Amino acid sequence: MSQYVPGLQGVPATRSNISDLDGQRGILTYRGYRIVDLAEHSTFEETTLLLLDGELPSPATLEVFDRQLRENRRMKYNVRELMKCLPATAHPMEMLQTATSSLAMFYPGNECLTGSDVCEDLNYIHNMTVRIIGRMPTLVTMWQHLRQGDDPVEPRKDLSYAENFLYMFTGEEPDPVFAEILDTCLVLHAEHTINASTFASLVAGSTLASPYLVIAAAIGTLSGPLHGGANERVVEMLREIGRPEAVKGWLDEQLASKGKIWGFGHREYKVKDPRATILQKLLTRLMEYMGHDSPLYATAVALEEAANERLAEKGVYPNVDYYSGILYSEMGIPLDQFTSIFAVARTAGWIAHWREQLSDNRIFRPTQEYTGRPEREYVPLSER
Ligand code: COA
């Protein structure tokens, strides 16, 4: 029972009925629905409700939820003032963690998370849910403008979640095809079983911490290059390689020096991540729509082919981060904002897990295998 497993590989950390994946067959489901079907037919708003409530919503339920999200887009002026004090060089994920934490003070409310181990105030939980999910795109896009010394673009209530996200990024009327593609990206990134950041949200949630700080803990965990930060590294790597003809030599060197191929490999998937396949299709659709090819994409395809010959035997294939960064680049989104988009989408999954944790809570408190010195006598400073 108390055997140490590095990285907790294969160790169940919780019981959950939110999402599931079959890493041998490359199948991901949210509440039993395949990700390919949700990507094709659902929207981020609907998928979020599915993750939160367990069922596809009726039109009326979806309409109410959507309206509540739209009403929770605006940010208090003081949040903007706080952001203005942050260094313009701050990484968007650093800003996002700070700003999300600040919402605990600007929009307080952890009144039902004191005392009892289980929170039964469903109204409170719902209010916190829409407050947070509604505001995440506003935080991300406010920073995009403030760090350049410009005023943020005010959110609009007449646009869908993805449309408004794009609108606030650019200040321009959102292109319907871009908005549809971004919406699908949000669906794809919304949830993914007990990964590192979701585990962080469970641990923080289990202490009955404020939900804003639960999400802040998850944002910090997502930021690392071994997790959500990999999408940035992928684009940097492809830029460094430069062109498809350079792939083979680069790969030989990288593997000889035991370097990583960013956007490859996954603890759970031993085949190509189904989200990578969908993202690749979205990217080709976007290029067709825009009427040009992407040099990054050509290099990525050549690298995937070459890497498959070398890494397939280890079950290392493209993951969700491999094509998403190229897609966002083509949409004109700055490289350092890729992981923030991931965080906006994944907030839906984090909150679904926070709610599940609260419904049957026990504080996380694992044990350890102690490898330090045995008990010994204290030696006074003068005798050392
Ligand atoms: N490039 C090259 N080799 C890789 C690799 C990659 N991206 N990912 C895994 N491998 C190799 C490892 O070197 C190891 O080989 P070995 O058995 O000869 O030592 C084997 O595959 C198993 O990898 P391991 O690091 O033990 O897997 P893990 O489950 O601990 O790590 C990741 C999973 C995601 C952290 C890892 O694949 C990785 O670092 N990928 C790159 C970062 C990334 O894209 N992260 C986003 C994940 S969605």
Side-chain angles (χ1 to χ4, degrees), residues 4-13 19-24 26-28 35 93 185-201 218-241 247-280 296 299-300 302-329 335-336 338-346 349-350:
Y4 165 57
V5 180
L8 298 183
Q9 176 162 10
V11 177
S19 65
D20 192 24
L21 68 83
D22 179 337
Q24 301 297 334
I27 293 173
L28 169 65
I35 193 66
M93 287 294 279
C185 291
L186 297 176
V187 169
L188 293 175
H189 284 91
E191 161 63 6
H192 205 237
T193 74
I194 305 300
N195 50 78
S197 57
T198 302
F199 186 43
S201 74
I219 290 170
T221 312
L222 183 72
S223 68
L226 294 187
H227 194 5
N231 52 16
E232 277 182 44
R233 302 292 170 107
V234 169
V235 170
E236 285 166 355
M237 171 184 77
L238 296 172
R239 285 183 184 156
E240 184 196 320
I241 299 172
V247 156
K248 207 179 160 308
W250 182 90
L251 183 64
D252 287 345
E253 263 180 41
Q254 197 71 0
L255 292 180
S257 62
K258 301 240 173 269
K260 279 194 190 299
I261 319 301
W262 296 105
F264 267 72
H266 200 278
R267 175 67 59 79
E268 296 285 323
Y269 291 115
K270 299 304 159 210
V271 294
K272 188 167 175 175
D273 184 328
R275 300 165 301 170
T277 307
I278 301 170
L279 283 160
Q280 188 172 4
L296 285 180
T299 308
L303 180 59
E304 182 179 345
E305 274 168 25
N308 280 351
E309 286 173 21
R310 312 281 299 274
L311 293 172
E313 60 183 6
K314 292 185 185 177
V316 173
Y317 289 94
N319 59 48
V320 69
D321 293 313
Y322 193 61
Y323 288 107
S324 64
I326 313 174
L327 183 69
Y328 297 145
S329 287
L335 180 115
D336 65 358
F338 298 169
T339 317
S340 324
I341 298 178
F342 191 157
V344 167
R346 187 55 59 85
W350 291 330

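Counting convention: from 1, in listed order, for ligands and their atoms alike. Since the structure is predicted, the reported quantities are computational estimates derived from the model, not experimental observations. Computed over heavy atoms, backbone and side chain alike; hydrogens, waters and symmetry mates excluded.
A distance-only check finds no donor-acceptor pair linking the side chain of R275 to the backbone of L28 [under 3.5 Å]. D273 contributes a side-chain N or O that, together with a main-chain N or O of V320, makes up a donor-acceptor pair within less than 3.5 Å.
Contact annotation for atom 15 (O) of ligand 1: protein present (non-hydrogen atoms, distance under 4.0 Å). For atom 24 (P) of ligand 1, the protein comes within 4.0 Å by no heavy atom at all. Protein non-hydrogen atoms do reach within 4.0 Å of atom 7 (N) of ligand 1. For atom 12 (C) of ligand 1, the nearest protein heavy atom is 4.0 Å or more away. The nearest protein heavy atom to atom 30 (O) of ligand 1 is closer than 4.0 Å. Distance check for atom 27 (O) of ligand 1: every protein heavy atom is found at 4.0 Å or beyond.
Taking each heavy atom of H189 and L279 in turn, the nearest pair found is CE1-CD1, 4.3 Å. Residues W350 and A343 come closest through the heavy atom pair CZ3-O, 3.8 Å.
Heavy-atom separations between G7 and ligand 1 are all 4.0 Å or longer.
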Kindly indicate, with the supporting measurements, whether the criterion side-chain contact (heavy atoms from CB on, under 4.5 Å) is fulfilled by I219 and L222.
-> CA-CA 5 Å; I219 290 170; L222 183 72; 5.7 Å; no
Take L303 and M237 through the side-chain contact (heavy atoms from CB on, under 4.5 Å) test and state the conclusion after the steps.
-> CA-CA 10 Å; L303 180 59; M237 171 184 77; 3.6 Å; yes
Taking it one step at a time, do W250 and V247 satisfy side-chain contact (heavy atoms from CB on, under 4.5 Å)?
-> CA-CA 5 Å; W250 182 90; V247 156; 5.8 Å; no
For H192 and H266, run ring-ring contact (aromatic ring centres under 6.0 Å, His included): C-alpha distance rounded to whole Å, both residues' side-chain angles, the deciding distance at 0.1 Å, then the answer.
-> CA-CA 12 Å; H192 205 237; H266 200 278; 5.3 Å; yes
Trace of the side-chain contact (heavy atoms from CB on, under 4.5 Å) decision for K260 with R233 | CA-CA 10 Å; K260 279 194 190 299; R233 302 292 170 107; over 6 Å; no
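The backbone and the side chain of L226 each have at least one atom closer than 4.0 Å to an atom of ligand 1 (non-hydrogen atoms only). Residue-level proximity to ligand 1 for H266 is carried by backbone and side chain together, each with a heavy atom below 4.0 angstrom. Only the side chain of D321 comes within 4.0 Å of ligand 1, judged by heavy-atom distances.
Looking from atom 3 (N) of ligand 1 to the surrounding protein, the closest heavy atom is L311 CD2, 4.1 Å. Of the protein's non-hydrogen atoms, the one nearest atom 43 (C) of ligand 1 is A230 CB, 3.5 Å. Protein heavy atom in closest approach to atom 20 (C) of ligand 1: K314 CD, 4.1 Å. In terms of protein heavy-atom proximity, atom 38 (C) of ligand 1 is nearest to K260 NZ, 3.8 Å.
The shortest N or O to N or O distance between L255 and ligand 1 is not under 3.5 Å. Of the N or O atoms in G259, none lie within a sub-3.5 Å distance of an N or O in ligand 1. For ligand 1, the polar-atom distance check against N319 finds a nitrogen or oxygen pair separated by under 3.5 Å. At least one N/O-N/O distance between R267 and ligand 1 falls below 3.5 Å. Backbone and side-chain nitrogen or oxygen atoms of I261 are examined, and one is located within less than 3.5 angstrom of a nitrogen or oxygen of ligand 1.
D252 and R310 are joined by a salt bridge, as a carboxylate oxygen and a charged side-chain nitrogen come within less than 4.0 angstrom of each other.
Under the ring-ring contact (aromatic ring centres under 6.0 Å, His included) rule, Y322 has a single partner from Y317, Y269, F264, which is F264.
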